[in-house]
Number of protein chains: 2
Amino acid sequence: MDKLTATSMFESLASGVRLDIVRLLVGHGREGLVAGEIAEKLELPRSNLSFHLKTLTRAGLVTVTQEGRYQRYRADLAAMQDLVAYLTAHCCAAEEGECELSGVETSC
Amino acid sequence: MDKLTATSMFESLASGVRLDIVRLLVGHGREGLVAGEIAEKLELPRSNLSFHLKTLTRAGLVTVTQEGRYQRYRADLAAMQDLVAYLTAHCCAAEEGECELSGVETSC
DNA sequence: ACAACGATTCAATAGTCGTTGAACCATTGA
DNA sequence: TCAATGGTTCAACGACTATTGAATCGTTGT
C-alpha cells in the first residue's frame with residue numbers, strides 16, 4: 001500500500017459519520033446494504049450519505065454494485081486488513097521489534 | 001478507545017506530512033527527536049511543524065517532554081497499538097470471524 | 001409513455017485545515 | 001543583563017470539507 005492510499009483511507013475514517021457507515025457495513029458482511037437502508041439506520045439525509053459513500057468508495061474502503069435502481073454497498077475487508085498491516089508496519093515498528101510484525105517490513 | 005479518540009487519531013494520520021512525522025518518530029523509538037531535528041530531516045518550516053506536532057500531541061499519538069530549551073517528541077507506541085486494535089475490532093469483524101480477532105469484541 | 005421511486009449531482013453556505021512569515025516566549029551562556 | 005537560540009503562537013490567506021434542499025438521472029412497473 002502506498003502512502004497516498006493510506007492517507008486517503010485514514011481521511012475517510014476521520015469522520016464520525018463515515019466511521020459509523022463503515023462499522024454498519026462491516027457488520028453486514030458480504031450481504032452489504034443498499035443506500036436507503038444505510039440512510040434509514042443512520043438517519044442521514046440522502047444527499048449527505050451519498051457524499052460520504054462516494055468518499056469511502058474513492059478511498060477503496062467500500063465497494064458498490066448496482067442492483068436495478070438500488071446501489072448496494074459493502075465494506076472491503078481486504079482493504080481494511082491492508083490498512084491494518086500498513087499501520088502496524090509503519091507506526092508500531094520500533095528498533096527492538098516490540099510489536100511482532102509477522103513478516104511485514106518495518107519503517108526503520 | 002472511544003470513537004472520538006479514534007477519529008482524531010485517524011484525522012492525524014490523514015495528512016502526508018503528519019504521517020511522515022509519525023514514521024520518523026517511530027523509527028527513533030524511545031530516544032525520540034527534538035523539534036529542530038524533525039524540521040531538519042523533513043525540511044519543514046518551524047511554524048508548520050509545530051502546528052502538526054500540536055495536532056499529533058492532542059490526538060495522543062506523540063508525547064512531548066521539555067529538555068531545557070528543546071522539546072523532545074516521541075511516538076506513543078501504546079496508542080498506536082490501541083488504534084490498530086480498534087480498527088481490527090470495528091472494521092475487520094464480519095459475521096463468520098474471517099479475520100481472527102484475538103479476543104477483542106466485534107462490532108456486530 | 002409516464003408516474004413513482006432510489007440515488008446522485010448541483011449550488012450555496014458555513015466551517016475547518018494547511019501554510020507562511022513575523023512576532024513572541026522561554027532557556028541558555030557570556 | 002543581554003544577545004542568541006529553540007519553539008510556539010498569531011494573523012492572514014487560500015483551499016478544502018460537510019451539510020442541506022432542489023434539481024437531475026436512471027430504473028421499475030403500469
Side-chain angles (χ1 to χ4, degrees), chain A residues 3-25 28 31-76, chain B residues 3-25 28 31-76:
Chain A
K3 192 168 100 175
L4 197 62
T5 304
T7 51
S8 86
M9 285 183 176
F10 286 135
E11 188 179 353
S12 285
L13 298 173
S15 148
V17 173
R18 286 193 294 265
L19 193 53
D20 287 341
I21 295 172
V22 167
R23 291 171 57 176
L24 183 62
L25 287 177
H28 284 78
E31 187 188 357
L33 290 171
V34 298
E37 295 172 324
I38 303 172
E40 192 184 355
K41 283 175 193 285
L42 299 181
E43 297 180 15
L44 287 174
R46 300 301 175 89
S47 61
N48 189 19
L49 173 64
S50 198
F51 167 78
H52 288 300
L53 285 172
K54 193 174 165 188
T55 300
L56 287 166
T57 305
R58 266 197 310 246
L61 290 174
V62 310
T63 62
V64 56
T65 56
Q66 185 161 1
E67 291 184 1
R69 73 181 106 178
Y70 300 84
Q71 299 289 115
R72 181 166 296 272
Y73 288 90
R74 296 180 177 87
D76 188 332
Chain B
K3 192 168 99 175
L4 197 62
T5 304
T7 51
S8 88
M9 285 184 177
F10 286 135
E11 188 179 352
S12 285
L13 298 173
S15 149
V17 173
R18 286 193 294 266
L19 193 53
D20 287 341
I21 295 171
V22 167
R23 291 171 58 177
L24 183 62
L25 287 176
H28 284 78
E31 187 188 358
L33 290 171
V34 299
E37 295 171 324
I38 303 172
E40 192 185 355
K41 284 175 192 286
L42 299 181
E43 297 179 14
L44 287 174
R46 298 302 174 89
S47 61
N48 188 19
L49 173 64
S50 197
F51 166 79
H52 289 300
L53 285 172
K54 193 175 166 190
T55 300
L56 287 166
T57 305
R58 267 198 310 247
L61 290 174
V62 311
T63 62
V64 56
T65 57
Q66 186 162 0
E67 291 185 1
R69 73 181 105 178
Y70 299 84
Q71 300 289 116
R72 182 166 296 273
Y73 288 90
R74 294 180 179 87
D76 187 333

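The sequence lines fix the lettering, A, B, ..., with proteins before strands; numbering per chain opens at 1.
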With side chain to side chain contact (heavy atoms under 4.5 Å, CB included) as the test, would you mind laying out the steps for L24(A) and E37(A) before giving the verdict? CA-CA 10 Å; L24(A) 183 62; E37(A) 295 172 324; over 6 Å; no

S12(B)/R58(B) under side chain to side chain donor-acceptor pair (under 3.5 Å): CA gap, chis, key distance, verdict: CA-CA 9 Å; S12(B) 285; R58(B) 267 198 310 247; over 6 Å; no

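Among the heavy atoms of the strands, none lies under 4.0 Å from E37(A). Within 4.0 Å of E67(B), counting heavy atoms only, lies no atom of the nucleic acid at all. Among the protein residues, R18(A) comes within range of the sugar-phosphate backbone only, with heavy atoms under 4.0 Å from sugar or phosphate atoms but none that close to a base.
Atom CG of L42(B) is separated from atom P of dT19(C) by 12 Å (rounded to the nearest Å). One atom, CG of D20(A), and another, P of dA18(D), lie 14 Å apart when rounded to the nearest Å. For L53(A) and dT9(C), the CG to C1' distance is 14 Å, given to the nearest whole Å. The CD1-C1' distance, from I21(B) to dG7(D), rounds to 14 Å in whole Å. Atom-to-atom, CG of L49(B) to P of dG18(C) comes out at 14 Å; the value is rounded to the nearest Å. As a whole-Å value, the separation of L56(A) CG from dA18(D) C1' is 14 Å. Per the geometry, CD belonging to E11(A) stands 12 Å off P belonging to dC17(C), to the nearest Å. When rounded to the nearest whole Å, the span between CZ of R69(A) and P of dG29(D) equals 6 Å.
Comparing S47(B) and T55(A) along DNA chain D, the residue whose closest nucleotide (by nearest heavy atom) sits nearer the 5' end is S47(B).
When distances are taken from the side chain of N48(B) to each of dT8(C), dT20(C), dT5(D), the shortest belongs to dT20(C). Closest to the side chain of Q66(A), out of dG26(D), dG7(D), dT19(C), is dG26(D). Among the nucleotides dT8(C), dT19(C), dT9(C), the one closest to any side-chain atom of V17(B) is dT19(C). Closest to the side chain of S15(A), from the set dA7(C), dT9(D), dA18(D), is dA18(D). Distances from the side chain of F51(B) to the nucleotides dG6(D), dC17(C), dA7(C) place dC17(C) closest. Each of dC10(C), dG6(C), dT27(C) was ranked by its minimum atom distance to the side chain of R46(A); first place goes to dG6(C).
For S15(B) (side chain) and E11(B) (main-chain N/O), no donor-acceptor pair under 3.5 Å exists by modelled atom type. The backbone N or O of E31(B) sits less than 3.5 Å from a side-chain atom of R72(B), completing a donor-acceptor pair. Panel note: side chain T7(B), backbone K3(B); a donor-acceptor pair is recorded below 3.5 Å.
Between Y73(A) and the phosphate of dT8(C), there is a side-chain N or O to OP1/OP2 separation shorter than 4.0 Å. Phosphate proximity of dC17(C) to H52(B): absent, as no side-chain N or O sits under 4.0 Å from OP1 or OP2.
The number of heavy-atom neighbours closer than 6.0 Å to CD of E43(A), taken from other residues, nucleotides and ligands shown, is 12 or below.
A donor and an acceptor atom never sit less than 3.5 Å apart when one is taken from the side chain of S50(B) and the other from the base of dG7(D).
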